[in-house]
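Reminder, nothing fancy here: chain letters follow the sequence lines and each chain counts from 1.
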Amino acid sequence: MVLDAVSGELICSNCGFVVKDRIEETGPEWRSFSDDQKADRSRTGLPTSVAQYDMGLSTVIGPSGKTVSGNMRTTVERMRTWDRRSQAHSTDRNMRRAFSELRTFAEKLSLSEEAVERAAYIYRKAMERGLVRGRSITTIIAASLYASVRDLSIPRSLKEVASVSALKRKDLARDYRLLVRELDLKMPIADPARSVPKIASKAGVSEKARRTAFEILARAKEAGISSGKDPMGLAAAAIYIASVLEGEKKRQKDIAKAAEVTEVTIRNRYKGLKVALGI
DNA sequence: TAAGATAAGAGGGACAT
DNA sequence: ATGTCAGTCTTATCTTA
């Protein structure tokens with residue numbers, strides 16, 4: 001039994017059985033922040049509200065006019081100082097806000113510190129390349145997070161990331177591709193087998209059937225019908241077939257729901273697998 | 001009721017113009 | 001850059017066992 005700190009799943013090291021999916025909290029060792037970040041966090045507090053964020057940035061306070069005098073003067077002076085500072089540190093502010101969002105999203109997806117750090121790294125790169133300019137922080141940070149999980153082969157779908165970040169799948173996908181293209185990210189191809197434990201445990205499929213599903217996917221790979229297909233759909237179909245083969249038939253509907261694909265997709269993959277593997 | 005079939009529409013990659 | 005093409009996935013609806 002091993003805790004996969006990366007994907008946030010408690011997994012049997014032998015069979016891949018997911019004992020508990022989406023573990024919320026297991027102690028400080030894999031969900032603790034470094035001292036630096038702790039400091040950052042406590043200083044930042046709750047996620048910066050949109051209303052608060054732009055104060056002092058969107059409006060530049062000009063040189064003091066003649067109309068300002070008396071004790072108003074010191075106030076204006078102070079405001080101007082703040083103004084300058086916040087501009088000088090606008091990158092910091094941007095980062096802080098971005099990372100604050102990142103934490104929120106990662107938390108909702110039960111992602112490990114490693115995934116968060118990878119995402120933060122990618123986001124920094126994106127900033128350096130000026131990819132954030134003209135786009136929202138949210139969309140780039142979410143895309144960075146998705147890129148991070150893809151890079152680490154953690155089974156989280158575009159759909160899931162889009163949902164926790166309140167983005168449309170389409171927009172997230174576009175910015176993810178932007179990152180991959182502009183930053184020359186080398187992503188491992190998504191392996192359907194990675195998604196099997198997750199789907200299987202959600203759908204309540206036995207260990208035996210999971211292993212069968214793994215075999216089906218391995219053979220599908222051999223047969224070369226895996227490329228270009230949605231890995232989730234492929235994994236879902238394999239699990240469906242496995243459940244039938246093992247005599248514990250689940251409904252396509254339930255597996256579709258667990259994998260977040262449609263029944264039709266399962267049927268299409270299922271059809272292909274059937275002919276390719278002679279089942 | 002579950003599963004198969006069919007059709008229309010969206011979004012993106014490959015490739016040509 | 002822009003357009004076309006083939007392939008995938010989604011939603012919706014109808015049919016079949």
(request) Please report the C-alpha distance between L145(A) and L109(A) in whole Å, then the side-chain angles of each, then the deciding distance to 0.1 Å, and finally whether the side chain to side chain contact (heavy atoms under 4.5 Å, CB included) criterion is met. (result) CA-CA 10 Å; L145(A) 183 58; L109(A) 294 167; 4.0 Å; yes
(message) Measure NZ/K229(A) against C1'/dT10(C) and give the value in whole Å, please.
(response) 17 Å
(message) Output the rounded distance in Å from CG (L158(A)) to P (dT10(C)).
(response) 12 Å
(message) Using modelled atom types and a 3.5 Å cut-off, is there a donor and acceptor pairing between side-chain atoms of R169(A) and backbone atoms of A162(A)?
(response) no
(request) Inspect the contact between D171(A) and K168(A) and indicate whether a charged nitrogen and a carboxylate oxygen are less than 4.0 angstrom apart. (result) no
(message) I need the residues from residues 168-178 of chain A with at least one non-hydrogen atom less than 4.0 Å from DNA chain B; give them sorted by number, or say none.
(response) K170(A), R177(A)
(request) Grab the CG-P distance between D230(A) and dT10(C) for me, whole Å please. (result) 6 Å
(request) May I ask you to say what G228(A) touches in the nucleic acid, namely base, sugar-phosphate or nothing, with a heavy-atom cut-off under 4.0 Å? (result) sugar-phosphate
(request) Using a strict 4.0 Å threshold on nitrogen-to-oxygen distance, state whether R103(A) and E107(A) make a salt bridge. (result) no
(request) Whole angstrom is fine here: how far is it from NZ in K159(A) over to P in dT8(C)? (result) 18 Å
(request) In whole angstrom, give the distance that lies between atom CD of E260(A) and atom P of dT11(C). (result) 11 Å
(message) With a 4.0 Å cut-off on N to O distance, would you call E207(A) and R211(A) a salt bridge?
(response) yes
(message) Rounding to an integer number of Å, can you tell me how far K257(A) NZ sits from dT10(C) P?
(response) 16 Å
(message) Just so I know, are the side chains of Y123(A) and L102(A) near enough to count as touching, which here means a heavy-atom distance under 4.5 Å?
(response) no
(message) Determine whether a donor-acceptor pair (N or O, by modelled atom type, separation under 3.5 Å) exists between the side chain of E248(A) and the backbone of S206(A).
(response) yes
(request) Under 4.0 Å from any atom of DNA chain C, heavy atoms only: list the residues of residues 237-255 of chain A that qualify, in numerical order. (result) none
(request) Give the rounded distance in Å between these two atoms: NZ of K271(A) and P of dT8(C). (result) 12 Å
Please produce a list of atom pairs where a protein N or O lies less than 3.5 Å from an N or O of nucleotides 12-17 of chain C.
none

(request) Find the distance between OG1 (T138(A)) and CG (L172(A)) and round it off to the nearest 0.5 Å. (result) 11.5 Å
(message) Using salt bridge (charged side-chain N to carboxylate O under 4.0 Å, His left out), reason through E182(A) and R129(A) one step at a time and then give a plain yes or no.
(response) CA-CA 8 Å; E182(A) 296 299 321; R129(A) 291 275 275 138; 3.1 Å; yes
(request) Taking only the side-chain nitrogens and oxygens of Y270(A), find out if one of them lies under 4.0 Å from OP1 or OP2 of dG4(B). (result) yes
(message) In whole Å, I'd like the distance from the CD atom of E263(A) to the C1' atom of dT8(C).
(response) 18 Å
(request) Nearest 0.5 Å please: distance from the OH atom of Y240(A) over to the CG atom of L245(A). (result) 11.0 Å
(request) Answer with yes or no whether the side chains of T139(A) and S136(A) bring together a donor and an acceptor at under 3.5 Å. (result) no
